[in-house]
Amino acid sequence: MESYPPPSSRDRSATDIAIAKHIRSIDHSNCELYSEDGFWVFDLDIIRDQLEKWRRNLPLVRLFYAVKSNPSLQLLTLLANSNIGFDCATHAELSTILSLSVPPKDIIYANPCKAPSHLRYASTTGVTKTTFDNATELRKIKTYHPTAECVLRIKLPSSTIHTTTISNMEGEEEGEKVVGLYELSKKYGVTLQESRELLALARKLELNVVGVAFHIGSGQKDYTKYASYITEARKFFALAGEFGYTFTLLDIGGGFMDDNFEIAAETINAALEAEFGGLITEGSVEVIAEPGRYVAHAAFTMATSVIAVREEDEGDSGKRMIYLADGIYSRINPAMWPGELTAMTTAVRGRRIEALAREDVDGSGSSASSDSGIEVKDIHRDEDEVGMEMKGELREYVVWGPTCDSGDMVYGSAWYPGRIEIGDWLVFKQLGAYSINLGNSFNGFRHDAKIYCVNQ
């Protein structure tokens, strides 16, 4: 059978070294309580690279980071010093960003349906830009934040929402498919026709409507939707004049994916030029966007340990089962959602409880001895050692989380090299978006975790 990992994957990054150092420090035979739990490694250089790529490809669009995607303080602190804006949706997010000395003008309160007390907080702290899409919200803004700069959340007419034929980077058609992970227009937004009554009401209430916002859907592969929405948004700018408004803000939302970002940027730039032309370059219209996944996705890696094993002949599946210290209720929440766990998971040799490990019949198990006291930088390249990727013939596993819920399954089928035992670790890369902040303490398991920062 195929051996793993291939030689080309064996160069070690700063993240790999940080993971190895932590794993080497944990002896499952006598470790402290909760030491088996997962931990994070945050690579700051990846964030810097993503911001630079954004500025290079979308120079006319200012980035407002969607705090909801990953609100870890280490990340927010880096971003607060990077001359970007922030998309906040609650009092807690507003408060956190303001505490980092971010000017209120660099924040958009991008929640069309806000709690009254949160809206009052925005008013008292000088956060003026906020979204709306219904009459009740306008009256709420009039009552609690009458000086707000209101941004109308829009959507395409239902007749234009459909599956799309997408081509790959070589221009080959991949076929009709639903291409967004989450369709947000079902919850928020108004069409051009529906907006007339809202703009009339806003004028009657003497509220200041400054522009429009849209969101093509989180995790969107159909980058052509940006062009469709920008074309539609231009119609709202024209309509605004009928109600005495001159729009100056276009918020193109989120949905950005790293794997098609450059071609999406080309689509956006062309649409902005076609619809708004010199209005942007002369400063009459400001364009912002609210990426979250694009910024944080690749920068965070999570490792968690194997705490229990069930052999092939001990269950109905015929597969070897491993149980992790983390699952869908803690740090691997994306396993709940199809399409979220996209990066390959790797198995790393840990300091096993050797008395519990069965003999490795294929001879690929590790015979590494304890190496405490050796600095991580001195680890040599034998993949069988503690803290190194495991190798050997691939075996099929079912991967479970630790809770008593039978739905706490990470993978129904996963292939890893060698024979994984208690004390080994699985490493999940590209887990930086909608994971670190979605855990809970169901079944009494902890979800807070240590974060190591590399490339500071």
Side-chain angles (χ1 to χ4, degrees), residues 50 54 57-58 61 63-70 87-89 108 110-113 131-134 151-168 174-192 194-195 212-236 250-272 287-298 333-334 336-342 430 432-435 437-438:
Q50 293 298 90
W54 182 280
N57 287 276
L58 287 172
V61 182
L63 190 156
F64 277 57
Y65 173 67
V67 176
K68 68 179 72 66
S69 65
N70 186 327
D87 153 25
C88 299
I108 182 168
N111 185 341
C113 302
T131 56
F132 74 98
D133 69 354
N134 63 80
V151 182
L152 177 63
R153 177 72 173 259
I154 69 172
K155 66 180 180 180
L156 296 175
S158 57
S159 61
T160 65
I161 300 175
H162 52 77
T163 57
T164 304
T165 300
I166 296 298
S167 299
N168 60 26
E174 296 180 348
E176 293 271 326
K177 56 184 72 178
V178 178
V179 289
L181 292 178
Y182 309 102
E183 177 55 64
L184 300 179
S185 64
K186 292 185 286 188
K187 186 172 185 178
Y188 299 121
V190 294
T191 64
L192 185 67
E194 294 166 343
S195 71
V212 300
F214 63 79
H215 200 300
I216 68 170
S218 183
Q220 183 60 252
K221 296 181 183 297
D222 182 6
Y223 48 82
T224 65
K225 279 193 173 183
Y226 288 108
S228 300
Y229 264 101
I230 290 170
T231 299
E232 190 73 7
R234 188 66 179 91
K235 300 174 184 178
F236 286 82
L250 173 62
D251 179 354
I252 66 174
F256 296 90
M257 299 286 283
D258 191 51
D259 57 2
N260 66 5
F261 175 71
E262 285 85 354
I263 192 168
E266 291 179 8
T267 301
I268 292 167
N269 289 331
L272 290 175
V287 186
I288 67 173
E290 303 169 359
R293 188 187 307 272
Y294 163 82
V295 175
H297 173 65
N333 183 272
M336 294 181 66
W337 317 110
E340 285 284 9
L341 284 181
T342 56
Q430 299 181 10
Y434 303 104
S435 177
N437 55 331
L438 290 181

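Atom set for the values below is all heavy atoms of this structure, side chains included, hydrogens, waters and symmetry mates excluded.
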Taking every non-hydrogen atom, the tightest pair across Pro334 and Ser435: CD-OG, 3.5 Å
Whether Asp133 side chain and Gly189 backbone form a donor-acceptor pair below 3.5 Å: yes
Value rounded to 0.5 Å, distance of CG in Leu63 from CG in Leu58: 9.0 Å
ring-ring contact (aromatic ring centres under 6.0 Å, His included) involving Tyr226 - partner list, sequence neighbours excluded: Phe256
Main-chain N/O of Leu192 paired with Ser195 side-chain donor or acceptor, under 3.5 Å: yes
Taking every non-hydrogen atom, the tightest pair across Glu262 and Asp258: OE1-O, 4.4 Å
Working for side-chain contact (heavy atoms from CB on, under 4.5 Å), residues Asp222 and Ile216: CA-CA 9 Å; Asp222 182 6; Ile216 68 170; over 6 Å; no
Contact check, side chains of Leu250 and Leu272, non-hydrogen atoms, under 4.5 Å: yes
Audit row: Ile252, Phe214, side-chain contact (heavy atoms from CB on, under 4.5 Å) steps and yes/no: CA-CA 5 Å; Ile252 66 174; Phe214 63 79; 3.5 Å; yes
Non-neighbouring partners of Ser69 that pass side chain to side chain donor-acceptor pair (under 3.5 Å), sequence neighbours left out: Tyr65
Any residue meeting ring-ring contact (aromatic ring centres under 6.0 Å, His included) with Tyr294, in chain and number order, not counting sequence neighbours: Trp54, Phe261
From Asn437 atom CG to Lys68 atom NZ, the distance as rounded to the nearest 0.5 Å: 10.5 Å
Ser228: side chain to side chain contact (heavy atoms under 4.5 Å, CB included) partners, not counting sequence neighbours: Leu156
Residues forming a side chain to side chain donor-acceptor pair (under 3.5 Å) with Asp251, sequence neighbours excluded: none
Spacing of Asn269 atom CG and Asn57 atom CG [to the nearest 0.5 Å]: 8.0 Å
For Asn333, all residues meeting side chain to side chain donor-acceptor pair (under 3.5 Å), sequence neighbours excluded: Trp337
Least distance between heavy atoms, Ala66 atom then Asp87 atom: CB-OD2, 3.4 Å
side-chain contact (heavy atoms from CB on, under 4.5 Å) evaluation trace for Val61 with Ile288: CA-CA 5 Å; Val61 182; Ile288 67 173; 5.6 Å; no
Any residue meeting side chain to side chain donor-acceptor pair (under 3.5 Å) with Asn134, in chain and number order, not counting sequence neighbours: none
Polar side-chain atom of Asn70 near backbone of His297 as donor-acceptor pair, under 3.5 Å: no
Distance in Å, Glu232 CD paired with Lys155 NZ, rounded so as to fall on 0.5 Å steps: 12.0 Å
Taking every non-hydrogen atom, the tightest pair across Phe236 and Val212: CB-CG1, 3.8 Å
Atom pair CD1 (Ile154) and NE2 (His215), whose distance is rounded to the nearest 0.5 Å: 13.0 Å
Intermediate values then yes/no, side-chain contact (heavy atoms from CB on, under 4.5 Å), Asn111 and Tyr188: CA-CA 9 Å; Asn111 185 341; Tyr188 299 121; 4.0 Å; yes
Spatial distance of atom CD1 (Ile108) from atom OG1 (Thr131) [nearest 0.5 Å]: 6.0 Å
